[in-house]
Amino acid sequence: MEKIKVHDKIFRLAIKNEDIESSIDKVAAKLNAEYRGCEQPPILLCILNGAMVFTASLMQRLDFQVLLACMKVSSYEGTSSSGTIVTKIKPTADLTGHRVIICEDIVDTGTTIRFLRGNLLTMGAKDVKVCCMMFKPESLHHQLLLEGLTTAESTEEEVKKFHPEFYAMSIPNDFIVGYGLDYNELGRQYKDIYILDE
Ligand code: IMP
Ligand code: MG
């Protein structure tokens, strides 16, 4: 399908399934290189609901022993985007002493993963890294500007919290649906990725 309608909006085909799949092959190879030979199986932490499809695809390509857990967070729902993140479902496994790989559908401003990193370390995770399917670097940069993290005084450590260590694809600052990603909870089921058609 070249175009789809989700709620009131029209989206057009942007990234074909075969291209998504081959980008997942590549990011999985990077994870394999990083975690292969790990003494204790790391936990792949799927961030519900958006990352379900990506997590399933990614997991099947991993050649090291891995545990699976889920967690759900949501951005504060209000008229102003305060960037406040709320935990809706706590991690379904005990993270204590484990290396954790956060599996996200998309890193947009980076505020969700920054929140998650701090949160999971407090829960006792040994080490936390992020693997996302889609990454919007322009949006992340804009967020760093807003947070005053682009000045010479900004510590590299603070800036790094917003960045995914691994990502399958980077995209411009556009709104997308499909492959797990939604527009107001619909549009997750498509195999391809669609972009808002304006
Ligand atoms: P961040 O905290 O701004 O990085 O936002 C991350 C979350 O916003 C993702 O987990 C998605 O749920 C949502 N999101 C950001 N961009 C898109 C998009 O283009 N389509 C669908 N959801 C998105
Ligand atoms: Mg999400």
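This is a predicted model, so every value here is computed, not measured. Note that these values count all heavy atoms, side chains included, but never hydrogens, waters or copies made by symmetry. Remember, it's 1-based here, ligands and their atoms both numbered in the order they're listed.
- Shown in contact with T112 at under 4.0 Å from a heavy atom are these atoms of ligand 1, numbered in order with element: 1 (P), 2 (O), 5 (O), 6 (C).
- Salt bridge present: E147 and R114 bring a charged side-chain N and a carboxylate O closer than 4.0 Å.
- Residue contacts with ligand 1, taken as heavy atom pairs separated by less than 4.0 Å, involve E104 solely via side-chain atoms from C-beta onward.
- Ring geometry for F175 versus Y183: interplanar angle over 60°, hence perpendicular rather than tilted (30 to 60°).
- Under 4.0 angstrom from ligand 1, the non-hydrogen atoms of L181 all belong to its side chain.
- For the pair D174 and ligand 1, a heavy-atom separation below 4.0 Å is found.
- For an aromatic pair to be called close, the ring centres must be under 6.0 Å apart, and Y194 with F11 fails this.
- Close contacts between ligand 1 and G110 involve ligand atoms 1 (P), 3 (O), 4 (O) [criterion: under 4.0 Å to a heavy atom].
- Taking Q65 as the reference, nothing meets the side chain to side chain donor-acceptor pair (under 3.5 Å) condition, with sequence neighbours excluded.
- Applying the salt bridge (Lys or Arg N to Asp or Glu O under 4.0 Å) definition to pairs two or more places apart or across chains, those involving residues 33-49 are E34-R99, E34-K129, R36-D63.
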Query - Derivation of the salt bridge (charged side-chain N to carboxylate O under 4.0 Å, His left out) call for K191 and E21 - result: CA-CA 10 Å; K191 285 186 164 185; E21 297 295 338; over 6 Å; no
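- At under 3.5 Å, a nitrogen or oxygen of I176, whether backbone or side chain, sits near a nitrogen or oxygen of ligand 1.
- The atoms of ligand 1 that sit less than 4.0 Å from any heavy atom of K136 are 16 (N), 17 (C), 18 (C), 19 (O).
- Counting heavy atoms under 4.0 Å from ligand 1, residue D105 touches it through the side chain alone.
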